[in-house]
Protein chains: 2
Amino acid sequence: MNKLIEQALLYDFYGELLTKHQRQVYEEVVLNDYSISEVAQASGISRQGVSDMVRRCNKILEGYEDKLHLVEKFVHIKEHVNQIRELTHSGAQTEVMRQIEEISTDILEEL
Amino acid sequence: MNKLIEQALLYDFYGELLTKHQRQVYEEVVLNDYSISEVAQASGISRQGVSDMVRRCNKILEGYEDKLHLVEKFVHIKEHVNQIRELTHSGAQTEVMRQIEEISTDILEEL
């Protein structure tokens, strides 16, 4: 998986376990793609401080995934539900198929 | 949801974030239904100590769910996938239906 997508997923699942300050800095650097210098200036900490914080956040988030494997589980389920949705577009378009398509779309929106 | 099922689900999702000692005591009391006295005797801590630890573990696990809502999310997805599987048993039993049924069963086993 692309490193940035992985970071975004980990943050999406476990970000609430970081402190508010960590979340602010992490979002600016990783999700909103501001430079280390910009975030350092805006938040009044050193560039080294920002770098260290992002690295530490990544370690924390990866630590949760190593223990809980919920992102892995979720990615796997998403693939399966995608398969179901694709299958509903093959074969006869019955009312049952339409309902299955609708539910699988709902699940994918929630995931 | 039944309190015991809820505890078991929370433990299933977040149990790895407890210490090994907490997990041992929690499993004996909550999942394996041993009495507080039996667990106290077997683990060499007081009955009060066992009670406190179980209460504390529940608080920790609920605290993770309050922040992450992952059990809630997965329970909801499970309901949806169950609906899909039930739908595959209605209407014509085509090859596509059989495949959807199989995938939904796989997802439910993983959840």
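Every chain is numbered from 1, with letters handed out A, B, ... down the list of sequences.
- Smallest separation of non-hydrogen atoms from A:Ala40 and A:Val50: CA-CG2, 3.6 Å.
- Contact check for A:Leu70 versus B:Phe13: side-chain heavy atoms found under the 4.5 Å cut-off.
- With respect to chain A, the highest number of heavy-atom pairs below 4.5 Å among B:Leu111, B:Val81, B:Ile100 belongs to B:Ile100.
- Looking at B:Ile84 and A:Ile107, their side chains come closer than 4.5 Å, going by heavy atoms from C-beta outward.
- Contacts classified as ring pair (Phe, Tyr, Trp, His ring centres under 6.0 Å) and involving residues 91-111 of chain A (residues at least two apart or in different chains) are not found.
- Residues A:Leu61 and A:Gly15 come closest through the heavy atom pair CD2-N, 4.0 Å.
- For residues 90-111 of chain B, no pair satisfies ring pair (Phe, Tyr, Trp, His ring centres under 6.0 Å), with sequence neighbours left out.
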Looking only at N and O atoms, which donor-acceptor pairs between chain B and chain A are within less than 3.5 angstrom?
residue, atom, partner, partner atom, Å
B:His76, ND1, A:Glu110, OE1, 3.0
B:His76, ND1, A:Glu110, OE2, 2.7
B:Glu110, OE1, A:His76, ND1, 2.9
B:Glu110, OE2, A:His76, ND1, 2.7

